[in-house]
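Worksheet for the structure shown next.
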Amino acid sequence: MKLTDKRFWIWIAITALMPIMMGVFTGCVLVDTFAELFYYRNFELFLLWEIAYLVGGLLTYRKSQSLKWTECAVLCWGIVCPLLLCSSFIWAGIRINDGFTGLAYFMISGISWGFSILPLMVCTWLYKNKFAKI
């Protein structure tokens, strides 16, 4: 793997966009409390999502070259699951004092991860079919 490989940077950009998609989904679900996502302390949760997806993207890049697009998306999504849920659980336990609020943020993180498979599959399909020739 070379760092000058364009496919590598396209794959990393795809995985870096997934937390933004998770934030959009969360915003659609939490219509009344959407502004809470932009508090400074919730930015840490977004950073956890970003780090989890970037680590998952780095771990799956080499294998993604030989897999089909659905297998590639599910592999990346599956690697991100333990990273995201464990880090979100730890973050909620440290930063949130109220137990119900911590559970709510943990559930938001888990549900957002669950629905992030849809944009990840679309982006992986585009990556495999449109950018594979680069």
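Position 1 is the first residue of the sequence; numbering continues from there.
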So with a 6.0 Å cut-off around CZ of F115, is the heavy-atom count from everything else above 12? no

Would you say that F8 contacts L58 through its side chain, given a criterion of any heavy-atom pair below 4.5 Å between the two side chains?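 Yes, their side chains come closer than 4.5 Å.
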
Can you list the residues that meet the side chain to side chain donor-acceptor pair (under 3.5 Å) rule with S112, with sequence neighbours excluded?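 If we apply the side chain to side chain donor-acceptor pair (under 3.5 Å) test to S112, skipping adjacent residues, the hits are T26.
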
Hey, what do you get for OG1 (T70) to CG (L120), rounding to the nearest 0.5 Å?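 Those atoms lie 11.0 Å apart.
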
Using 0.5 Å steps for rounding, measure from the SG atom of C123 to the NZ atom of K128. 14.0 Å

Enumerate, atom names and distances included, each donor-acceptor pair closer than 3.5 Å involving a side-chain atom of residues 14-24, sequence neighbours excluded.
{"from": "T15", "atom 1": "OG1", "to": "W11", "atom 2": "O", "distance (Å)": "3.3"}
{"from": "T15", "atom 1": "OG1", "to": "I12", "atom 2": "O", "distance (Å)": "2.9"}

Contacts under 3.5 angstrom, residues 76-89 side chains, donor-acceptor by atom type, not counting sequence neighbours:
{"from": "W77", "atom 1": "NE1", "to": "W113", "atom 2": "O", "distance (Å)": "2.9"}
{"from": "S87", "atom 1": "OG", "to": "L83", "atom 2": "O", "distance (Å)": "2.7"}
{"from": "S87", "atom 1": "OG", "to": "L84", "atom 2": "O", "distance (Å)": "3.1"}
{"from": "S88", "atom 1": "OG", "to": "L84", "atom 2": "O", "distance (Å)": "2.8"}
{"from": "S88", "atom 1": "OG", "to": "S109", "atom 2": "OG", "distance (Å)": "2.7"}

